[in-house]
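So you know, we letter chains A, B, ... as the sequences are listed, proteins then strands, and number each from 1.
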Amino acid sequence: MRFSKLLVPTLRELPADAEVTSHKLMLRAGMIRKLAAGIYTWLPLGLRVLRKIERIVREEMDKSGAQEVLMSGVLPAELWRESGRWEQYGPELLRFKDRHEREFCLGPTHEEAITDLIRREIKSYKQLPANFYQIQTKFRDEIRPRFGIMRAREFLMKDAYSFHMNEASLKETYQVMYDTYSRILTRLGLKFRAVLADTGNIGGTASHEFHVLADTGEDRIAYSDAGGYAANIEMAEALAPASPRPAPGQPLGVVNTPDAQSIEEVSAFLGIRPEQMLKTLIVEGRDGGVAALILRGDHELNAVKAARLPQVASPLRMADADAVRAAVGCDIGSLGPARLPCPVIADRSAAVLADFVCGANENGKHLTGVNWGRDLPEPIVADIRNVVAGDPSPDGKGRLEIARGIEVGHIFQLGTKYSTAMKAHCLDEGGRAVDLIMGCYGIGVSRLVAAAIEQNNDERGIIWPDAIAPYAVALCPVNMHKSERLRRAAEEMYARLLAAGVEALFYDKQERAGVMFTDIELIGIPHRLVLSDRGLDAATCEYRGRRDAAARDIPLAGAVDFIRDKLAR
RNA sequence: CGGGGCAUGGCGCAGCCUGGUAGCGCACCUGCUUUGGGAGCAGGUUGUCGGGGGUUCGAAUCCCUCUGCCCCGACCA
């Protein structure tokens, strides 16, 4: 492609609303433009990357034995009423009516649509198992779309749904999808990790998320430095400390802490470590009252774990200041686990502390030398905190590390939720009707574009992995407009690259070298060939990989083979 | 949803408080010079000042209203 014929509106200045790296770079590189909140137009360069990812996803899905279909983005309300999700889904589901006042929604996911198809068309166990996928535009009316394409309202997703007569068959396909996703991300050239995930409100038994590793990722994942254990931090179990609770060694005391409320303030004020303190969180209870959650001062509450407790409302909601005052009689900065009029649930690490410091449930006072059993009743003990780096791995092998990731894939063993609700069944060998067992498997295709950038960039711009670069090589003649000889050489090189099947971007705009290099680096073309009169005199051209520290001269005649060799790796 | 903010040329912004008929940088166009890392000089194009209503001799500016967009908030103990 000739650069002069391609719409690549690179930007020196940034629209003010871009926050994360990938969003800024996609705007600056002229890949996308915003049409409305969370809704984007893909420009030629961005679309090429999107299509490359899509192609790899499609190839691997086909290889896995899945069949491609394409369902409508507009879905009738009646199907969603059947599954119960018309009522459940909330405002994220964009609903509207047609001219006949019939209700529809824009599909955020397609379990209902595919289940409707399957219940009509598949009658016998002989047709199963089967896995259907599509690569299609989804719409979720996010409360707060942000980070550009990373969390847009409209996005491109590959979603697949498998149907089975029994659990064993589901597990088999689930494993195939797990392997397929791993292959896809490997082919894309991305560093990733598959982690155990919460099944959330979709339900089902097993679930894995696939995360592209990037320091700017929104999710935190925990993985073992020794074994193969990896889980979303929401899921990772914090084991009970190995050593038992020490015996009480200090008397109970009360100290005045007039201006100290947070853990940091109190620990600094008293000259103790946060690990020797307990923090008390009052949350809404399941029965309409409240419940107290107790954590060691240096630990964070895990909302997912806490919401699973029978005493706690799900989803988790913190009690507000007024509710705390009404229930306990003090402000939230002085809360402690003693004499609480509600269930008290302590994290495993909090339950083994002795001689600890905590709020006195009286404003401006904290207790010291406190001990469970002696000074206050033994609490209910549960795992309610986030794991931290250095915690023992739940599988008993090694210690946990924490990394940041961007969730780009999620696979679920769904079970019979939709098939039961929508009466999707099949006859088995004995002629009995059996509810189909389902799995579902999603990959955020458009999000992968952003994730790839988050993982691969520097101060100059994007650094595309070869597999998804919009063009493999940039052909950059220096001052071509001044040298007919150079123009001929560049045109010839361009033709030879194309003939060799190399996706070349010919920088034929009349720009200064600096502008040219800056453009090419910003848009992240992984390989660059520079042609100049100086080089022609020596029968060389200059090669530089986007990550290379410096350029080097290579023989002009061998340049095409050189590039082909680079790309073959 | 709650709180805050913004809307002026393609992009980034100033002007608004204190009303007098719109300006800067980038981009874009022309010419000359320049030319291996976002050039210089000169000239030029681009505006329903988000929409509607009001106050006023006069509104980008003050008032009302509508719309769009952005930011913060779901871990504070």
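- Ring planes of Tyr89(A) and Trp80(A): perpendicular class, angle over 60° (limits at 30 and 60°).
- Taking the six-membered ring where tryptophan is involved, the planes of Tyr543(A) and Phe562(A) are perpendicular, since the angle between them exceeds 60° and thus also 30°.
- Separating the CZ atom of Arg151(A) from the P atom of rC70(B) is a distance of 14 Å, rounded to the nearest angstrom.
- Atom C1' of nucleotide rC76(B) and atom CD of Glu300(A) are separated by 13 Å, given to the nearest angstrom.
- If you take atom P in rG31(B) and the same atom in rA22(B), they sit 31 Å apart, rounded to whole Å.
- Partner assigned to rU30(B) is rA42(B), using Watson-Crick or G-U wobble distances below 3.5 angstrom.
- The listed nucleotides are rG38(B), rU35(B), rA74(B); the one nearest the side chain of His481(A) is rU35(B).
- Phe506(A) has its ring centre no less than 6.0 Å from the ring centre of Phe3(A).
- Taking the centre of each ring, Trp464(A) and Tyr471(A) stay at or above the 6.0 Å mark.
- Within the 4.5 Å cutoff, side-chain heavy atoms of Leu309(A) are placed close to those of Ile384(A).
- Contacts between residues 523-560 of chain A and RNA chain B, defined by a heavy-atom separation under 4.0 Å, are made by Arg528(A), Val530(A), Ser532(A), Arg534(A), Glu542(A), Arg544(A).
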> What string of B, S and - do you get for nucleotides 23-33 of chain B, 5' to 3', when a contact is any protein heavy atom under 4.0 Å?
Replying inline: --BSS------

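- Cation-pi geometry between Arg95(A) and Trp86(A) is satisfied (NZ or CZ under 6.0 Å from the ring centre, within 45° of the ring normal).
- Summarising the base pairing, rG12(B) is matched to rC24(B) through a Watson-Crick or G-U wobble pair whose two defining distances lie under 3.5 Å.
- Between Leu367(A) and Val255(A), the closest side-chain pair of non-hydrogen atoms is not below 4.5 Å.
- Using atom P as the reference point in both rC6(B) and rC63(B), the two lie 13 Å apart (nearest Å).
- Annotation: cation-pi pair Arg153(A)/Tyr40(A) absent, no NZ/CZ under 6.0 Å from the ring centroid and within 45° of its normal.
- Between Asn457(A) and Thr21(A), the side chains place no donor N or O within less than 3.5 Å of an acceptor N or O (distance only, hydrogens not considered).
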For nucleotides 2-5 of chain B, give me every protein contact, N/O to N/O, under 3.5 Å, one pair per line with atom names.
none

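- One interatomic measurement links the two molecules: CD of Glu142(A) to P of rC69(B), which rounds to 15 Å at whole-angstrom precision.
- Arg33(A) comes within 4.0 angstrom of no nucleic acid atom, judged by non-hydrogen atoms across all strands.
- One can place OH of Tyr507(A) at 15 Å from P of rG36(B), the figure rounded to the nearest angstrom.
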> Is there a side-chain hydrogen bond (donor to acceptor under 3.5 Å, both in side chains) between Asn232(A) and Arg220(A) once you walk through the steps?
Replying inline: CA-CA 6 Å; Asn232(A) 191 301; Arg220(A) 281 183 293 171; over 6 Å; no

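- Residues Leu239(A) and Pro394(A) come closest through the heavy atom pair CD1-CA, 4.0 Å.
- Pairing for rG68(B) is with rC6(B), a Watson-Crick or G-U wobble pair whose two hydrogen-bonding atom distances lie under 3.5 Å.
- Annotation: rG68(B) and rG51(B) have their C1' atoms spaced 10 Å apart (nearest Å).
- rG44(B) and rU48(B) have their C1' atoms separated by 24 Å, given to the nearest Å.
- The CZ atom of Arg512(A) sits 5 Å away from the C1' atom of rU35(B) (whole-angstrom rounding).
- In this structure, the CG atom of Asp458(A) is 18 Å from the P atom of rG37(B), given to the nearest Å.
- rG40(B) sits 45 Å from rC62(B) when the C1' atoms are compared, rounded to a whole Å.
- Asp141(A) has its CG atom 11 Å from the P atom of rC1(B), to the nearest Å.
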>> Applying salt bridge (Lys or Arg N to Asp or Glu O under 4.0 Å) to Arg404(A) and Asp215(A), what does each step give before you reach the verdict?
In response: CA-CA 5 Å; Arg404(A) 286 196 168 267; Asp215(A) 293 337; over 6 Å; no

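- Nearest to the side-chain atoms of Asn386(A) among the listed nucleotides rG36(B), rC75(B), rG38(B) stands rC75(B).
- Residue Lys34(A) has no polar side-chain atom (N or O) positioned under 4.0 Å from OP1 or OP2 of rC69(B).
- For rG2(B) and rG12(B), the C1' atoms lie 31 Å apart once the distance is rounded to whole Å.
- When distances are taken from the side chain of Thr518(A) to each of rU35(B), rA74(B), rG38(B), the shortest belongs to rG38(B).
- Residue-to-nucleotide proximity on RNA chain B shows that, of Val283(A) and Asn479(A), the 5′-proximal contact is made by Asn479(A).
- Nucleotides rA42(B) and rU56(B) place their C1' atoms 43 Å apart, quoted to the nearest Å.
- Cation-pi geometry between Arg193(A) and Tyr223(A) is satisfied (NZ or CZ under 6.0 Å from the ring centre, within 45° of the ring normal).
- Between Ile282(A) atom CD1 and rC75(B) atom C1' the separation is 14 Å, expressed in whole Å.
- In this structure, rC1(B) and rG73(B) make a Watson-Crick or G-U wobble pair, each of the two defining distances being under 3.5 angstrom.
- Pair assignment for rG36(B) gives none, since no Watson-Crick or G-U wobble pairing has each distance under 3.5 Å.
- Within the 4.5 Å cutoff, the side chain of Met26(A) has heavy atoms near those of the Ile453(A) side chain.
- Remark: rA59(B) base-pairs with no nucleotide in the shown strands. Criterion, Watson-Crick or G-U wobble with two distances under 3.5 Å.
- Residue order along RNA chain B, read from the 5' end via each residue's closest nucleotide, puts Thr10(A) first among Asp331(A) and Thr10(A).
- Comparing rC41(B) with rA27(B), their P atoms are spaced 12 Å from each other, to the whole Å.
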